[in-house]
Amino acid sequence: MAENWKQTADLYTGFIEKPKMTDKYLKKPPPRYVYEIIMNTMAKTGFPKGLLTAEEETLDYFNKDTKNKIEIFQKVIDITK
């Protein structure tokens, strides 16, 4: 998976402004980095509308508990598979 970071960077560069697509983070992305990519992609495209609640879309909710992170990521996985 880590070897595919360049494709991800090429795809997202110019599409979303934040977070920056850097090899440092794309090779082994921290959860918050992935969350920011998801949130900015959703804001840019509108897809998938209604997937997350207003509370789940806040950084405070995401940072509050590991369980919250897992729930958000699972919803994104389920809608994209």
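Quick note: numbers below take in every heavy atom, side chains included, and nothing from hydrogens, waters or symmetry partners.
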Under 4.5 Å between side-chain heavy atoms, counting indirect links through other Ile/Leu/Val/Met/Phe/Trp/Tyr residues: same cluster for [X] and [Y] or not?
X: Y35; Y: I79; result: yes
X: V76; Y: L59; result: yes
X: F47; Y: L52; result: yes
X: L11; Y: M42; result: no
X: Y33; Y: Y12; result: yes

**OP:** Identify whether the distance between the nearest side-chain nitrogen and carboxylate oxygen of K64 and D60 falls below 4.0 Å.
**Re:** no

Original post:
Any Lys/Arg nitrogen of K75 or E71 sitting under 4.0 Å from an Asp/Glu carboxylate oxygen of the other?
Top reply: no

How far apart are the closest heavy atoms of [X] and [Y], and which atoms are they?
X: F62; Y: N68; answer: O-CB, 4.4 Å
X: P31; Y: F73; answer: O-CZ, 3.4 Å
X: P29; Y: L26; answer: CD-O, 3.7 Å

State the [atom1]-[atom2] distance between [X] and [Y], to the nearest 0.5 angstrom.
X: K44; Y: F15; atom1: NZ; atom2: CZ; value: 6.5 Å
X: E55; Y: Y61; atom1: CD; atom2: OH; value: 5.5 Å
X: T53; Y: I72; atom1: OG1; atom2: CD1; value: 7.5 Å
X: D10; Y: Q7; atom1: CG; atom2: CD; value: 8.0 Å

Original post:
Would you say P19 and Y25 make side-chain contact, with heavy atoms under 4.5 Å?
Top reply: no

**OP:** Tell me, with the steps shown, if I16 and M21 meet side-chain contact (heavy atoms from CB on, under 4.5 Å).
**Re:** CA-CA 9 Å; I16 60 173; M21 298 293 122; 4.1 Å; yes

**OP:** Please check if any side-chain donor atom of N40 sits under 3.5 Å from a side-chain acceptor atom of E36, or the reverse.
**Re:** no

